[in-house]
Amino acid sequence: MSFLSLRRSETVIALVLIAAMVLIGLINPAFWSLSNLFSLARSNVIVGLMALGVLVVMISGGIDVSFPAFAVAAMYLTIQAMLAWDWHGVIGPFALASAIGLALGLVNAFFVSGLRMIPLIVTLGTAAAVRGALLGLVGTSQINIDRMPKELIAFGNTTLIDLAGPGGTHFGLSAMIVAYLLAAVLVHLFLTRTLLGRGVFALGSAAEAARRVGFNPTTIVFAVYGLAGALAGFAGLLHGSMIWLANPRDFVGVELDVIAAVVLGGASIFGGRGSVLGTMLGVFMLVMVSNSLILMHIATTWQRIVVGGIIITATTVTALRDRRQIAQ
Amino acid sequence: MTAPLIELRDVSKSFGGVRALAGVSFAIGRGEIHCLAGENGSGKSTLIKIIAGVHRPDAGTLRIDGRAVATLDPITAIGHGVQVIYQDFSLFPALTVAENLALPSEVRARRRLVSWSGVRKLARAALARLGVAIDLAATVETLTTAERQLVAIARALMSAPRLLIMDEPTTALTGREVARLFAIVRDIQAQGIAVLFVSHKLREMLEISERITVLRNGAVAAAGAADGFDEVALTRAMTGQDFAAQSYRWMPHAGRAARLELRGLALPGVLAPIDTTVEAGEIVGITGLLGSGRTDLALTLFGMRPHYHGEIRIDGTPVALRSVAAAINAGLAYVPEDRLTEGLFLTQSIHRNLLATSYDAMTRHFFIDFARARAAADAMMAEMQITTRNGDLPVAALSGGNQQRVLIGRWLMGKARILILNGPTVGVDVGSKAGIHERIRELAREGDLAVLLISDDLPEIVQTCNRVLVMHRGRLVEECDAAALTDTALAEKLKALA
């Protein structure tokens, strides 16, 4: 199987992506402006980090819809803690947010693995419970820029390239993209180069066979949901730092976008199939299409319709592919 | 004389009060090909699982190399060199051949990181040991069943086993693939590895094995060298009764139009024009190698290939079978090859499965007449001799033979005139098989049906049918009278075509 073979779903997505870029660029040449491209790259970061977690869960044959709730919880709790304890720093808070996400992810894993419950129901339940607990026990008020920790704002504002725009404005390429790319490389190495990662594929491909080969399904399920939770927690705090705002009601409906991106990236809803590269392309595609609707002079209310359409199309295509291959 | 590789003495095992094995003694010598025969439910799987360490016997002793083994779990069984190839092969469809081969070794070595060059090296060596060539980079889901089996065998051989257990290895293979498998099994034996073959196909057992152990109702019904058995003896041991093996006789009725008449029936690129007739009361066997077009012929008659050319007449009247509904209306019934995926609603009740195509006939003023439907379904269950009386049980709870009866029964409720059976006894044990054959004959004789029986099982064709059509690459190449045919002669004909 060559790298550019059309049988690779990554190649197909890349081609569709390029076609879409050309089309959008023809409708509005402003698409190709550096400021638009930089803003696109920035919009990839949060969706992309969450998508990496969902990818790993999906390959293992599960599904996770709880990560936006975990992301909000990790963000809001961490920032509240920083305010309450007058805690400063960047690394510590991000470690705490990831740890909160990890702990919540392990709760998912416990229900999925220990009690053998259906992942969709488990994660719907934990999502609702975590959101409810956050609003009911921690607080409902938004933390605005005036109270946001300065270190986080400065960190979220870091740029790789800084350029002067017309009229004295500044725009730059967010350094957060580095965090996203680094996470992507690590998840890729985990999935392709560690035996645990191959176990994720094995479990999603044939659970009983994985058990007979000697993989421990419990370990894999805990690793997978834990990783998804940790990535969500990290992404949550990063999101707050980038928009200078901690809203405990944030991230509503994001699960749909992220799952759409992962499916668009060629991961199988039946498990056993998917790649980091494909997911990154899927994320880029989704973010680009929804961001470019404005550039194409289409009302933003259409955005949800487009996302829904993308989910249905991508799922249909991959489901047809999987069914054909299973039938052989 | 050296001690046998594995020896079981007076082993018993019960599951929730049901006795699966009762005092079974059984031994496999080093490097021998041993066949474990028995019908479904005879205790074969339980015995395998005891040897593989999955189940622990309630009573009895287990010896390996003459030494008593107190407890055997799957890991120690593998440590003693026992490898099992299950019917589903336990492969990972979405992963490559190379990875499927290498994963168990890597997991066993407790590695943490994967070296892809190491994976390919391991995999290449494993296939080389079997002497087969399969693309290492292909995903397993793109392989044929036979190739998947080779991957499973190659993988089992990587752990240097001393006993390879193969559970029903030939079920999904064509004749030529079975021959290749047997060559490989003999090759494995030449490496000093014992092979335990689990099967219910008589011919194959006699061909491959050196010794045979027959289980019936959880006890050893017969055991000994394979040369001491023939098909009749094996059948008797497996079922406890004799089955007459005589071919079906059919007396033509004068002055009636043929039940089914094909005039130049063709499918472009698939079937060359076919002319033949089938009378009511006839059982006509259709056989041929893979790609012979026999299933396409059946699907054309059942309205699933609407673009056929030529003419089809039923009882002298031309009919257009351009849809399944048209075919059912014309009196055709089709029992597909894969009853589990194409024919039955496994989780639904026996009644619902039986009634699936006849609810229309049971309807009065838009409402289903449930009392009538129940009565009709119960009558059919009795007629098809389905073992349970409880029609509310899900079909999945029945044995393979009984499932097949449900499927055939469904079509008989709909007053079919032509019954097409595709592989009706695949995966059905000997006793049920004879029962199904008997029912097919009765249906043809008394039910005034024309039966087309498509099968790979040549003895089945020769014994059940009165006429045999041989197909090859989409053509009807030969028609012969079954009375003048033996299954070996038919096998020769097929071999000449290959």
Side-chain angles (χ1 to χ4, degrees), chain A residues 1-3 5 7-9 55-56 58-61 186 188-220 223 266-275 278 318-328, chain B residues 49 52-54 73-75 77-79 83-119 135-145 147-148 151-152 155-156 158-159 167 338 341-342:
Chain A
M1 225 188 290
S2 106
F3 190 72
S5 157
R7 293 184 54 190
R8 274 180 67 113
S9 40
L55 168 73
V56 177
M58 256 200 201
I59 294 175
S60 80
L186 289 178
H188 174 76
L189 290 177
F190 166 69
L191 283 175
T192 57
R193 295 299 163 103
T194 69
L195 207 55
L196 186 58
R198 299 320 289 171
V200 175
F201 280 90
L203 186 71
S205 184
E208 184 54 35
R211 207 164 288 135
R212 283 183 191 152
V213 160
F215 281 115
N216 183 347
T218 314
T219 314
I220 296 174
S268 168
I269 39 174
F270 305 119
R273 238 181 287 266
S275 73
T318 52
L320 287 177
R321 170 200 71 188
D322 295 345
R323 213 170 298 155
R324 197 173 56 235
Q325 282 171 335
I326 287 164
Q328 270 174 356
Chain B
K49 284 181 178 159
V54 178
D73 58 47
I75 304 291
I78 291 170
Q83 280 284 325
V84 186
I85 297 175
Y86 292 97
Q87 259 179 296
D88 61 4
F89 304 145
S90 290
L91 296 175
F92 305 106
L95 303 186
T96 63
V97 171
E99 204 169 4
N100 267 283
L101 287 167
L103 266 182
S105 314
E106 299 206 295
V107 174
R108 218 171 304 125
R110 298 187 171 278
R111 300 186 53 146
R112 295 197 176 276
L113 299 179
V114 181
S115 140
W116 286 96
S117 60
V119 164
D135 181 8
L136 288 176
T139 52
V140 161
E141 65 210 346
T142 62
L143 303 183
T144 64
T145 309
E147 287 173 323
R148 288 179 203 200
V151 173
R155 187 171 79 173
M158 286 174 78
S159 60
D167 191 4
D338 188 346
T341 60
E342 290 174 24

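Letters go in sequence order (proteins before strands), and every chain restarts at 1. When reading the values below, keep in mind they use all heavy atoms of this one structure, side chains included, and skip hydrogens, waters and symmetry mates.
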Engineer: Below 4.5 Å from any heavy atom of chain A, which atoms of B/L91 appear? Answer side chain, backbone, both or neither.
Structural biologist: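 Interface part for B/L91: backbone (N, CA, C, O).
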
Engineer: Which pairs with one or both residues in residues 86-101 of chain B pass salt bridge (Lys or Arg N to Asp or Glu O under 4.0 Å), sequence neighbours excluded?
Structural biologist: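 Of all non-adjacent pairs touching residues 86-101 of chain B, those that pass salt bridge (Lys or Arg N to Asp or Glu O under 4.0 Å) are A/R198-B/E99, A/R212-B/D88.
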
Engineer: Taking side chain to side chain donor-acceptor pair (under 3.5 Å) as the test, write out the residues that go with B/Q87, two or more places apart.
Structural biologist: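 Applying side chain to side chain donor-acceptor pair (under 3.5 Å) to B/Q87 gives none.
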
Engineer: At a 4.5 Å cut-off on heavy atoms, which part of B/F89 comes close to chain A: side chain, backbone, both, or neither?
Structural biologist: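 Contact with chain A: none, neither part.
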
Engineer: Taking every non-hydrogen pair under 4.5 Å, which of A/A206, A/G199, A/G272, A/G197 racks up the most with chain B?
Structural biologist: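 The residue among A/A206, A/G199, A/G272, A/G197 with the greatest pair count is A/A206.
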
Engineer: Side chains of B/L101 and B/T96: closer than 4.5 Å at any heavy-atom pair?
Structural biologist: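 No, too far: nothing below the 4.5 Å cut-off.
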
Engineer: Given a strict heavy-atom distance threshold of 4.5 Å, which part of B/R155 is in contact with chain A: side chain, backbone, both, or neither?
Structural biologist: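 For B/R155, the contact with chain A is made by the side chain alone.
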
Engineer: Quick one: do the A/E208 and B/S90 side chains pair a donor with an acceptor below 3.5 Å?
Structural biologist: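 Not at all, the side chains of A/E208 and B/S90 share no donor-acceptor pair under 3.5 Å.
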
